[in-house]
Amino acid sequence: LERLQSPIEYLVDNRFLEGLRAFAETCYSRVATIHHYMSLSKGSLGDIEEKGSYKLKKMFYALRAASACDWILNNDTVPPIQFKELMEGTVMKQSLKNQIYDLIDLKSGKSEAYLHQGEKEIFSYIHQQLDLASDKGATLPAGNYDAQEMDVFFVNVVKSQSSH
């Protein structure tokens, strides 16, 4: 679902893309998606929390996934792929958003080798969202799709591609 939102398009088959986007709307499962993002966030968080210093990139992986959990709990739509848009749709305090925007600026001026420390408030937000996702995630709705209809769509796509 994230790939369908990507602003980068290398090769586009509009008929295929429109059909796939229509399926994506009905297939979107808030419960499956929140579990996916919980797993991503926990994995990244586990890599950095036990260390005194860490790469900002790793912290942003955990933060983005936790913010997606926040989005999923509070919105009926797929979390946006653009990080700033995602953050604007969360319940995160504006002061924390500003702190994160400052870190984005800091990261853009540092090399990949840069190691960062601190950010207790950000880690607190991540844990809070993971706890909420764990508590409420199982009650979210699953996707609703017709597998046979999808099979027909994909078979027709393959047939149309093979006739070219």
Donor-acceptor pair, Tyr54 side chain versus Gly118 backbone, under 3.5 Å?
-> yes

Please check if atom OH in Tyr61 has more than 12 non-hydrogen atoms from other residues, nucleotides or ligands closer than 6.0 Å.
-> no

Looking at CG of Leu56 and CD1 of Ile122, how far apart are the two atoms once the value is rounded to the nearest 0.5 Å?
-> 8.5 Å

Do you know which two heavy atoms are closest between Phe153 and Phe16, and how far apart they sit?
-> CZ-O, 3.6 Å

Between Tyr125 and His127: side-chain donor-acceptor atoms closer than 3.5 Å = no

So do the side chains of Leu4 and Leu17 get within less than 4.5 Å of each other, counting heavy atoms only?
-> yes

side-chain contact (heavy atoms from CB on, under 4.5 Å) assessment of Leu45 paired with Leu130 = CA-CA 11 Å; Leu45 197 57; Leu130 291 175; 3.9 Å; yes

Flag side-chain contact, heavy atom, 4.5 Å: Pro79 against Tyr37 | yes

Are any non-hydrogen side-chain atoms of Ser41 and Gln129 less than 4.5 angstrom apart?
-> no

Please walk me through it: do Tyr101 and Leu96 pass side-chain contact (heavy atoms from CB on, under 4.5 Å)?
-> CA-CA 9 Å; Tyr101 293 142; Leu96 185 56; over 6 Å; no

Mind checking salt bridge (Lys or Arg N to Asp or Glu O under 4.0 Å) for Lys58 and listing every partner two or more places apart, or none if nothing turns up?
-> Asp47

Verify same cluster id: Val12, Leu20 (apolar side-chain graph, 4.5 Å) | yes

Where the side chain of Ser67 meets the backbone of Leu63, is there a donor-acceptor pair that is under 3.5 Å apart?
-> yes

Considering residues at least two apart in sequence or located in another chain, which fulfil the side chain to side chain contact (heavy atoms under 4.5 Å, CB included) criterion with Lys55?
-> Leu115

Path from Ile104 to Leu106 over hydrophobic side-chain contacts below 4.5 Å = yes

Without swapping roles, check the side chain of Asp13 against the backbone of Arg15 for a donor-acceptor pair under 3.5 Å.
-> yes

Exam field: side chain Arg64 to backbone Phe83, donor-acceptor pair closer than 3.5 Å | no

Should Ile34 and Lys136 be marked as a side-chain contact (heavy atoms from CB on, under 4.5 Å) after you check the CA-CA gap, both sets of side-chain angles, and the distance that decides it?
-> CA-CA 10 Å; Ile34 204 165; Lys136 298 179 180 179; over 6 Å; no

Residue pairs passing the salt bridge (charged side-chain N to carboxylate O under 4.0 Å, His left out) test with at least one member in residues 98-123, sequence neighbours excluded, are Lys93-Glu121

Side chain of Thr33, backbone of Ser29: donor and acceptor closer than 3.5 Å?
-> yes

Ring centre gap for Phe23 and Tyr28 strictly below 6.0 Å | no

Rounded to the nearest 0.5 Å, how far apart are NE2 of His116 and CG of Leu103?
-> 5.0 Å

Ile100 versus Met92: any side-chain heavy-atom pair under 4.5 Å?
-> yes

Taking the side chain as every heavy atom from C-beta outward, state whether Leu86 and Gln82 have any atom pair closer than 4.5 Å.
-> no

Gln5 side chain to Ile81 backbone, donor-acceptor under 3.5 Å | yes

Does any N or O in the side chain of Asp70 come within less than 3.5 Å of the main-chain N or O of Val91, such that one atom is a donor and the other an acceptor?
-> yes

Nearest-0.5 Å distance that lies between atom NE2 in His36 and atom SG in Cys69 | 9.5 Å

Here the gap from Ile72 atom CD1 to Met38 atom CE, rounded to the nearest 0.5 Å, amounts to 10.0 Å

Counting only heavy atoms not in Asp135, do more than 12 sit closer than 6.0 Å to its CG atom?
-> yes

Polar side chain donor-acceptor pair, Gln94 to Asn98, under 3.5 angstrom | yes

What are the two closest non-hydrogen atoms of Leu140 and Arg30, and how far apart are they?
-> CD2-NH2, 3.5 Å

Sub-3.5 Å donor-acceptor pair from the side chain of Trp71 to the main-chain atoms of Asp76, do we have one?
-> no

